[in-house]
Amino acid sequence: MLRYLTAGESHGQALVVILEGLPAGLELTVADIQSELARRRLGYGRGPRQRFEQDEVTLIGGVRHGRTLGSPLAIEIKNSEWFRSDKWHEEMSPAPGVTNDPLTSVRPGHADLVGMQKYGFTDARDVLERASARETAARVAAGAVAKKLLAELGVSVISHVIQMGAARATGTARPTPADLPAVDADEVRCFDAAASAAMIDEVKAAAKDGDSLGGVVEVLAYGVPVGLGSHVHWDRKIDAALAQAVMSIQAVKGVEIGDGFEVAGRRGSNAHDAIVWDESLNGGSGDYRRESSLAGGTEGGITTGELLVVRAAMKPLATLNRPTLKTVDVVTKEATVSFKERTDVTAVPACAVVAETMVALVLATEAQRKFGGDSVAEFVGNAKAFKATLP
Ligand code: EPS
């Protein structure tokens, strides 16, 4: 089983992730991780930090001569700002001390107030540094490794933005793995050119008003084998694991598998994916095929072998360049507006990349659970042996 833990604060020295349970013999370089981190920094509407953030990666353990050892993998991602200046050294110092500048006008919609109440803090920075979506850089590093493992099974996980503010992609065309460079090249990572232009206009308008924007992203996993997850227990259902993983992304408030919400309003005769036997599949030996993807590639908590579709709704960022929402200063209890932090107008394009990561981590975990193996060769061999038992 794959397990991972991240540590680190947004304006601390670095983020760290430890990934445990990888098979030995997986080819892995710093460049594999850097390229995924660079994709996460993309996107129109990001703030000034992303222009200088380098996401400098060090492989601390678990890899030798470009291959995993089967031991825990430890990855460090330095925070560029810490090394560019000493701006944060005192404010984020682990040594005993106090801040001269506590943040007390809490932001509505952020973790500030509940975090202070729960942990007994008097400075919102004690909460926001870890609640920040900067932490997703560490997840994406782990996800890059999960994607390499999934590639051994022929699985690709990609994403695109389908809504930004009120601008929605209207086309039904979905990108394939071959389209990913084009999606990444688009400023809002949208596959629909007309919608992309409308999305950029939305971001410009929100930026002008000092406001923020949310949106909807769609993750697509191609080549997923049949049989990941299980119907036997609630916590083994893969759709449930996907929902938890994607919902855990900062600012995500809704997760949908396939056409979940739309299908709820249909009749049963029109709400499920018809099953056919297709002689042309599986190198001419035939295979089952679903005629649509309403269920998003899972039935009974098990992957069907069809395209996996997961969508996530991200709320607009709670930090506003021009704070207008009413809040309270937790010291004086007086009505005020929240403190100002440097921020992005939107992080929806980045959220899509993070959602890919979370889906890849769930799929890799479940593939490891199903196929096992201490080496990549054993893992792939077990997957092939299972496939040979089908249909
Ligand atoms: C974030 C606020 C911004 C974002 C940050 C997440 O950072 P800062 O306050 O340093 O300008 O840029 O995201 C990242 C640094 C990142 O790498 O994704 C927040 O409050 O969540």
Side-chain angles (χ1 to χ4, degrees), residues 6-17 33-57 75-89 91-92 101 103 105-116 123-144 159 189 203 206-207 210-215 217 248-253 314-323 325 338-358:
T6 72
E9 275 67 45
S10 181
H11 301 101
Q13 293 199 36
L15 299 168
V16 177
V17 58
I33 297 166
Q34 287 281 13
S35 58
E36 286 297 295
L37 290 171
R39 293 182 62 233
R40 197 196 65 95
R41 290 196 302 271
L42 294 172
Y44 194 81
R46 289 284 250 165
R49 179 157 174 191
Q50 300 307 321
R51 288 196 277 281
F52 64 73
E53 194 54 72
Q54 299 294 314
D55 291 330
E56 194 189 312
V57 171
I75 307 169
E76 182 196 64
I77 306 161
K78 290 195 171 67
N79 286 329
S80 302
E81 200 164 18
W82 184 276
F83 298 92
R84 272 164 59 103
S85 79
D86 55 10
K87 181 174 168 197
W88 293 103
H89 292 197
E91 194 60 32
M92 292 304 294
D101 187 21
L103 302 174
S105 309
V106 292
R107 292 164 296 176
H110 213 286
D112 300 342
L113 178 57
V114 283
M116 291 170 89
D123 177 6
R125 186 165 298 288
D126 286 329
V127 181
L128 74 86
E129 284 290 336
R130 182 64 185 166
S132 163
R134 173 72 191 149
E135 183 262 346
T136 62
R139 301 198 208 187
V140 168
S159 67
R189 302 198 67 258
V203 181
D211 219 325
S212 65
L213 279 185
V217 305
S248 77
I249 301 168
Q250 289 82 341
V252 167
K253 293 298 267 185
M314 184 188 203
K315 69 181 181 180
L317 299 174
T319 315
L320 303 177
N321 275 315
R322 206 173 298 153
L325 271 174
S338 71
F339 58 80
K340 264 182 75 168
E341 280 270 293
R342 184 180 60 192
T343 185
D344 308 326
V345 177
T346 186
V348 174
C351 179
V353 176
V354 179
E356 271 176 34
T357 270
M358 297 313 290

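Note that ligands are numbered from 1 as they come in the structure, with each ligand's atoms numbered from 1 the same way.
Within ligand 1, the atoms closer than 4.0 Å to a non-hydrogen atom of His11 are 8 (P), 9 (O), 10 (O), numbered from 1 in the order shown.
The two residues Ser248 and Met358 have their closest heavy-atom pair at OG-CE, 3.9 Å. Across all non-hydrogen atoms, the minimal contact from Thr357 to Arg139 is CG2-O, 3.2 Å. The two residues Gly109 and Lys315 come nearest to each other via the heavy atoms O-NZ, 2.8 Å. Smallest separation of non-hydrogen atoms from Ala124 and Met116: N-CE, 3.6 Å.
The six-membered or imidazole ring of His11 lies away from that of Trp82, with a centre-to-centre distance of 6.0 Å or more.
Geometrically, ligand 1 and Arg49 share a nitrogen or oxygen pair separated by less than 3.5 Å. When only interatomic distances are considered, the shortest N/O to N/O separation between Thr136 and ligand 1 does not fall below 3.5 Å.
Gln50 NE2, 3.1 Å is the protein heavy atom nearest to atom 14 (C) of ligand 1. Nearest protein heavy-atom neighbour of atom 21 (O) of ligand 1: Ala133 N, 2.9 Å. Atom 4 (C) of ligand 1 has Asp344 OD2, 3.6 Å as its closest protein atom, hydrogens excluded (heavy atom only). Looking at atom 8 (P) of ligand 1, its nearest protein heavy atom turns out to be Arg342 NH2, 3.5 Å. When hydrogens are left out, the protein atom nearest atom 18 (O) of ligand 1 is Arg40 NH1, 2.7 Å; that is the closest non-hydrogen contact. Of the protein's non-hydrogen atoms, Ser132 OG, 3.4 Å is the one closest to atom 19 (C) of ligand 1.
For the residue pair Thr343 / Arg107, no side-chain donor-acceptor distance below 3.5 Å is found, with atom types taken as modelled. Arg189 and Ser159 form a side-chain donor-acceptor contact under 3.5 Å, judged by distance and modelled atom types alone. A donor and an acceptor atom, one from each side chain of Arg130 and Thr6, are located under 3.5 Å apart.
Neither the backbone nor the side chain of Arg41 comes within contact range of ligand 1; no heavy atom lies under 4.0 Å.
In this structure, Arg46 counts as a contact residue of ligand 1, since one of its heavy atoms falls inside 4.0 Å of the ligand.
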